[in-house]
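Working notes, beginning with the structure itself.
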Amino acid sequence: MFESLETAKPDAILGLTEAFKKDPNPAKINLSVGVYADAEGKTPVLSSVKKAEERILKQEKTKGYLPIPGDPQYGAAVQELLFGKGHEIVASKRAATAHTPGGTGALRVAGDFVKTMFPGKKMWMSDPTWPNHPGVFSAAGLEIETHPYFDAANNSLDFKAMMAAVEKIPKGDVLLLHGCCHNPTGIDPAPDQWRKIADVIQQRGILPLVDFAYQGLGVGLVEDATGLLELCRPGCEMLIASSFSKNFGLYRERVGALTVVGSSEEGAQKALGHIKTCIRANYSNPPSHGGAIITTIIGDPDLRKEWEGEVKGIRDRINGMRTLFVDTLKAKGVKRDFSFIKNQRGMFSFSGLTKEQVERLKKEYAIYIVGSGRINVAGMTPGNMDRLCEAIAAVL
Ligand SMILES: Cc1ncc(COP(=O)(O)O)c(C=O)c1O
């Protein structure tokens, strides 16, 4: 049965990393997959995480199953990070959180929930978006629609075209929004644009699904929630998929959350009941370790302060690399204006490099970039910057 199968296509992004690992060139540079690396090119375990793990190891008393939505303390920690302490949504108990394996797990559970409870409703997403979005939601059986997002000529958000499409989304359809640090463009709506998006969502009765995978990597932990908080209006309903892979560096622990906001506590609990049914039929209940780390850090003022400092360190390094990249390209004689890269936020930038240029960078310089020209800025270091910019100057 298996030999006659057609060979599966490798994942466009993870496949590149496999090719990178096999590349014997000692000066190779990986700017493809969305993993943070420090100035030495290593993906470190955060110090706050190590300390929390030591504590968990000492205090852990059981390996019994967690409840289907995970530990309630974890849910409370997630909600505090999303909405801030004492927010109306938390105080009125109209949010309910399920611990999921990573942000991808949260997106899939959200997709299953929408498909089973609201049959016929479509999932709207930006063009472009994270390439796994259409994969996850198609696998859940949802029909996918896209709206314009990127103005390639000006390297900016095409807000007018986006809104023209959003204003036609039928009531009850789902609109997927990147909470911050849009992947792959690095371009987010400004606060007044978020307000306009929230107005249309409210007027039309659209269900927002906020994919929040980069909180803290853009401007700050609180500032990055500006768009989410704009959507948090009285009586609003919403789904939020959190990922803690990047801001806690917990990639392989697979820790995320799906939070449902109802217009009342009753609505949130009813939705959670169906989300639990989706989880039970999928992976049954969540893995414990990553969630325990987050609960420990958020619940301890000293560890939390240390973690916030570490997130700032990650953010500052990425933004520092944006500036150095633009300045070094200029110094290497590149005439094209790349200054827009300084204004983008998060790990990624749309560089504007063509497929052919990306291919040459891989073949001739062992520099790995996704075919769309998306660059992981967090893969740049002061040590590889000269070589990277010289290669880009050559292919341009
Ligand atoms: C936009 C976006 N959403 C969600 C995720 C999911 O992250 P994870 O499943 O690793 O937590 C990612 C990871 O790259 C992402 O870029």
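Because the structure is predicted, anything quoted here is derived from the model rather than measured. Atoms within a ligand are numbered from 1 in the order they appear, just like the ligands themselves.
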Original post:
Please state which protein non-hydrogen atom is closest to atom 7 (O) of ligand 1 and give its distance, to 0.1 Å?
Top reply: S243 OG, 3.5 Å
**OP:** List the closest protein heavy-atom neighbour of atom 13 (C) of ligand 1: residue, atom name, distance to the nearest 0.1 Å.
**Re:** K246 NZ, 3.3 Å
Subject >> For R254, the ligand 1 atoms whose distance to one of its heavy atoms is below 4.0 Å >> reply: 8 (P), 9 (O), 10 (O), 11 (O)
Original post:
Considering only the protein, which heavy-atom contact is closest to atom 6 (C) of ligand 1, and what is its distance?
Top reply: T104 OG1, 3.5 Å
Subject >> CD (Q73) with more than 12 external heavy atoms under 6.0 Å >> reply: no
Original post:
Which heavy atom of the protein is the closest neighbour of atom 16 (O) of ligand 1, given with residue, atom name and distance?
Top reply: Y214 OH, 2.6 Å
Original post:
Which heavy atom of the protein is the closest neighbour of atom 5 (C) of ligand 1, given with residue, atom name and distance?
Top reply: W130 CH2, 3.5 Å
Original post:
What's the shortest distance from atom 8 (P) of ligand 1 to any protein heavy atom, and which residue and atom give it?
Top reply: S245 OG, 3.4 Å
Subject >> Sequence-distant partners of T185, side chain to side chain contact (heavy atoms under 4.5 Å, CB included), two or more places apart >> reply: P128, Y149, F150, H182, I187, F350
Subject >> Nearest atoms (heavy-atom pairs only) where Y365 meets A394 >> reply: OH-CB, 3.2 Å
Original post:
Is the backbone of Q215 close enough, under 3.5 Å, to the side chain of N247 for a donor and an acceptor to pair up by distance?
Top reply: yes
Original post:
Does the side chain of C389 come within less than 4.5 Å of F325's, by heavy atoms?
Top reply: yes
Original post:
Nearest to atom 1 (C) of ligand 1, what protein heavy atom do you find, and at what distance?
Top reply: D211 OD2, 3.4 Å
**OP:** Give the atoms of ligand 1, by number and element, whose distance to some non-hydrogen atom of G103 is under 4.0 Å.
**Re:** 8 (P), 9 (O), 11 (O)
Original post:
Would you say ligand 1 has an N or O under 3.5 Å from any N or O of H133?
Top reply: no
Subject >> Smallest separation among heavy atoms of A98 and I275, with atom names >> reply: CB-CG2, 4.3 Å
Original post:
Going by distance alone, is a donor N or O of one side chain under 3.5 Å from an acceptor N or O of the other, for S126 and H133?
Top reply: no
